[in-house]
Amino acid sequence: PNCRMADNLEGAAVQDDKRDILDYMKKFRLEEVLNDLINELVKERPEDPFVDLAQTIEAKSVLANSIISVRARELVGPNGVPALEIEMETLKGVFRSIVSGMGPYDEDEERYGGKGLTGAVNTVNTVLGDKLIGKDPRRQEFIDMMLQGDSTYPANACLALSICVCKAGAKFNEMPVYEHVGALANVSEPRIPMPWFNIVNAGNFGENELYPKTVSVAIPEAESVREAMAGVSKLYEQFPKTMVGTVIPPVKPPNAGKLGGYAPFCENMDAVFNSLKTSMIEAELVGKAVLSVNMGVSAYSSIIEAEEGDEEVQFQYELSKFSGEEAVKILKNSGEMVDDYYDWLVNYPIVGLEDAFEKKDASSIIALKEKIESEIERIKEADDEASPFPEDVGGSEGVFLQVVGDECISTNEDIIRAEEKQTFNAVALSLAKAKTVSGFIGLWQKAESLGMPIVAVDENEAEDPFLIHLAVALRVSQIKLGGLIGGFAGKYNELLRLEDGLNGEDDGLGYIGASWRK
């Protein structure tokens, strides 16, 4: 069989174009390629030669391995704040990503209180989209470098495009997203991390007078995500009942917070922690559930510049920051914060503190650790007292406390500095912080090389579960996705799907369980 498409050209007009037609055919080797394809078809004699021919031609097409179109749009998330959606088309399908809670914003107070995203949408639709058309989505690092090559590109647009490229690349490689990410990072054996569930929201995220950002709960001894969620859900059911029935002075039922937890109306954190302890008793979770507190001190910390003769600057923390203008100011220095944290650790099942001090107040983190270690040594020498701290969960009794750096960690240099100064023994990583998929992998590689546990964080309500696949692929030890109230619970369902298997043929992925600190 032969395919001679140019032999029967007739007519004067066609003859005039014959040279151009032949040049075009030569450029793409049309005659040679099609002859070879038809010869192969005849040899193999497939049941439907046209289907086989179409698939083979598609594979040889430049567009078959490229991004065809890119479009951005402004959506509205469950919390009423706009979210940026990217829609990317390839011959393998259409892929979408959603990024919320991240600027730059339009700053037009007439639209969504200044949180509109039309500027980012326009930049994608008129500039960035055109740069991606024709690119192979499997070249993740190359595309991410291009997106980061100009500081004027909107950060939210770059991240959403990077996520979309990764999803498309996974499809082109015919594998789940987590497997594709694992291949990009050269990591095998994906694993489901231990989830932390936001149960208390405060400060800017709770619209109450309490100052920490969140309190999260986990069940480290659970053998699966499903078991952990079942246990934690009992605590979510019991906690508001306990708050109303036991707190003195009496309080009204808590509202829903902005990060999927409860926003209780208590006078202080001790009332919150005592209610959580009582709720754990009622839910039969004593000795099983543990707490981690994200202090988010950047919202209420300040630096007092050193006066002449002072060796270093001082730090203060305004714990009444969210109590209203008429409230009595409550200011504490670093030493008083160390004492407060120590008391919490002695009296409540807290095994994690996040952003507990101002980022330049490293000496206070060390002071807290030394106070814990000193008390442990004193008890050992006394030989007649039980330690008030939890049993070993991190290699030795002295490091039961996971000290997480979040807001102060955004580059590899930050991670190195934290490890050198021993200010943190774990880091929180988010896609917003990393700016691209490749950026996240780079931060993960640095923390992993230093042996620091990683908490993957996505506390926005957008339904995109991409961070879950990223965390699973990189064998991250812990993940925070918000709470179980409102639009947050849906993201945890993706963990359950991965645990069960994405289709009937999969056995599902393994769960980290009690190894969450390692």
Side-chain angles (χ1 to χ4, degrees), residues 196 200 202-203 210-216 218 268-270 272-273 276 290-304 311-319 330-381 385-409 414-415 417-428 450-453 455 478 517:
W196 285 99
V200 174
L210 303 172
Y211 52 93
K213 181 179 177 181
T214 61
V215 178
S216 298
N268 54 59
M269 287 304 299
D270 283 305
V272 173
F273 291 135
L276 283 170
V290 294
L291 304 174
S292 181
V293 187
N294 184 345
M295 298 303 299
V297 296
S298 64
Y300 51 88
S301 64
S302 59
I303 300 175
I304 304 173
E311 293 184 0
E312 57 184 20
V313 297
Q314 300 295 315
F315 303 89
Q316 72 176 11
Y317 301 87
E318 185 182 344
L319 307 190
I330 303 175
L331 297 174
K332 291 198 174 186
N333 59 33
S334 299
E336 291 170 319
M337 295 296 285
V338 168
D339 292 340
D340 282 356
Y341 294 149
Y342 180 84
D343 289 341
W344 288 357
L345 298 173
V346 168
N347 293 298
Y348 309 113
I350 296 172
V351 299
L353 286 176
E354 183 173 340
D355 287 344
F357 296 95
E358 210 279 340
K359 62 182 179 181
K360 295 182 180 180
D361 195 3
S363 61
S364 294
I365 299 174
I366 296 171
L368 176 61
K369 291 163 66 176
E370 290 177 346
K371 185 167 185 174
I372 294 170
E373 291 164 0
S374 175
E375 177 65 7
I376 290 173
E377 286 302 314
R378 186 192 68 78
I379 291 171
K380 284 182 177 178
E381 291 176 3
E385 294 183 49
S387 173
F389 305 113
E391 294 181 3
D392 170 72
V393 292
S396 73
E397 192 175 30
V399 293
F400 78 88
L401 179 64
Q402 178 170 265
V403 185
V404 184
D406 183 359
E407 294 178 359
C408 57
I409 301 290
D414 294 334
I415 296 174
R417 193 179 304 114
E419 197 275 337
E420 288 176 345
K421 294 184 177 182
Q422 294 295 297
T423 49
F424 305 107
N425 56 16
V427 296
L450 297 174
M452 301 184 78
V455 186
Q478 302 155 62
R517 282 292 308 273

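Side chains are part of it too, since the values below use all heavy atoms of this structure and drop only hydrogens, waters and symmetry mates.
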Checklist outcome for this item: For Val297 and Ala356, the nearest pair of non-hydrogen atoms, with its separation, is CG1-O, 3.4 Å

Item to check | Heavy-atom closest pair, residues Val351 and Trp196 | outcome: CG2-CH2, 4.0 Å

Next on the checklist: To the closest 0.5 Å, what do you measure between CD (Gln316) and CG (Asn333)?
Outcome noted: 9.0 Å

Next on the checklist: Between Glu375 and Val346, is there a side-chain heavy-atom distance shorter than 4.5 Å?
Outcome noted: no

Item to check | side chain to side chain contact (heavy atoms under 4.5 Å, CB included) partners for Glu370, two or more places apart | outcome: Ile366

Next on the checklist: Please enumerate all residues that pass side chain to side chain donor-acceptor pair (under 3.5 Å) together with Asp270, with sequence neighbours excluded.
Outcome noted: Tyr348

Checklist outcome for this item: Hits for side chain to side chain contact (heavy atoms under 4.5 Å, CB included) against Ala299, two or more places apart or cross-chain, chain-then-number order -> Asn204, Phe322

Item to check | Worked check of side chain to side chain contact (heavy atoms under 4.5 Å, CB included) between Leu401 and Tyr341 | outcome: CA-CA 11 Å; Leu401 179 64; Tyr341 294 149; over 6 Å; no

Checklist entry - In Å and rounded to the nearest 0.5 Å, what is the CD to CD1 distance from Glu358 to Ile365? => result 10.0 Å

Next on the checklist: Minimum heavy-atom separation for Cys408 and Gly405, please, with both atom names.
Outcome noted: SG-CA, 4.2 Å

Item to check | Inter-residue atom distance Asn425.CG - Met452.CE, 0.5 Å rounding | outcome: 6.5 Å

Checklist entry - Atom CG in Asp406, atom CE in Met295: separation rounded to 0.5 Å? => result 14.0 Å

Checklist entry - Does Ile372 reach the side chain of Tyr342, with side-chain heavy atoms less than 4.5 Å apart? => result yes

Checklist outcome for this item: The side chain to side chain contact (heavy atoms under 4.5 Å, CB included) partners of Lys332 (sequence neighbours excluded) come to Leu319, Glu336, Met337, Asp340

Checklist outcome for this item: Here the pair of heavy atoms bringing Leu276 nearest to Val215 is CD1-CG1, 4.0 Å

Checklist entry - Are side-chain heavy atoms of Val338 and Phe357 found at a separation under 4.5 Å? => result yes

Next on the checklist: How long is the straight-line distance from CG of Asn347 back to CZ of Phe273, given to the nearest 0.5 Å?
Outcome noted: 10.5 Å

Item to check | Closest heavy-atom pair and its distance - Gln478, Pro453 | outcome: NE2-CB, 4.1 Å

Item to check | Point-to-point distance, once rounded to the nearest 0.5 Å, from NZ of Lys369 to CD of Gln422 | outcome: 5.0 Å

Checklist entry - Taking only residues two or more places apart in sequence or in another chain, which ones pass ring-ring contact (aromatic ring centres under 6.0 Å, His included) with Tyr211? => result Tyr300

Next on the checklist: According to side chain to side chain donor-acceptor pair (under 3.5 Å), who are the partners of Asp355, at least two apart in sequence or on a separate chain?
Outcome noted: none

Checklist entry - Which atom names give the shortest non-hydrogen contact between Pro212 and Ala202, and what distance separates them? => result O-CB, 3.0 Å

Next on the checklist: The test is side chain to side chain contact (heavy atoms under 4.5 Å, CB included); show your working for Val403 and Leu368 and say whether it passes.
Outcome noted: CA-CA 10 Å; Val403 185; Leu368 176 61; 5.9 Å; no

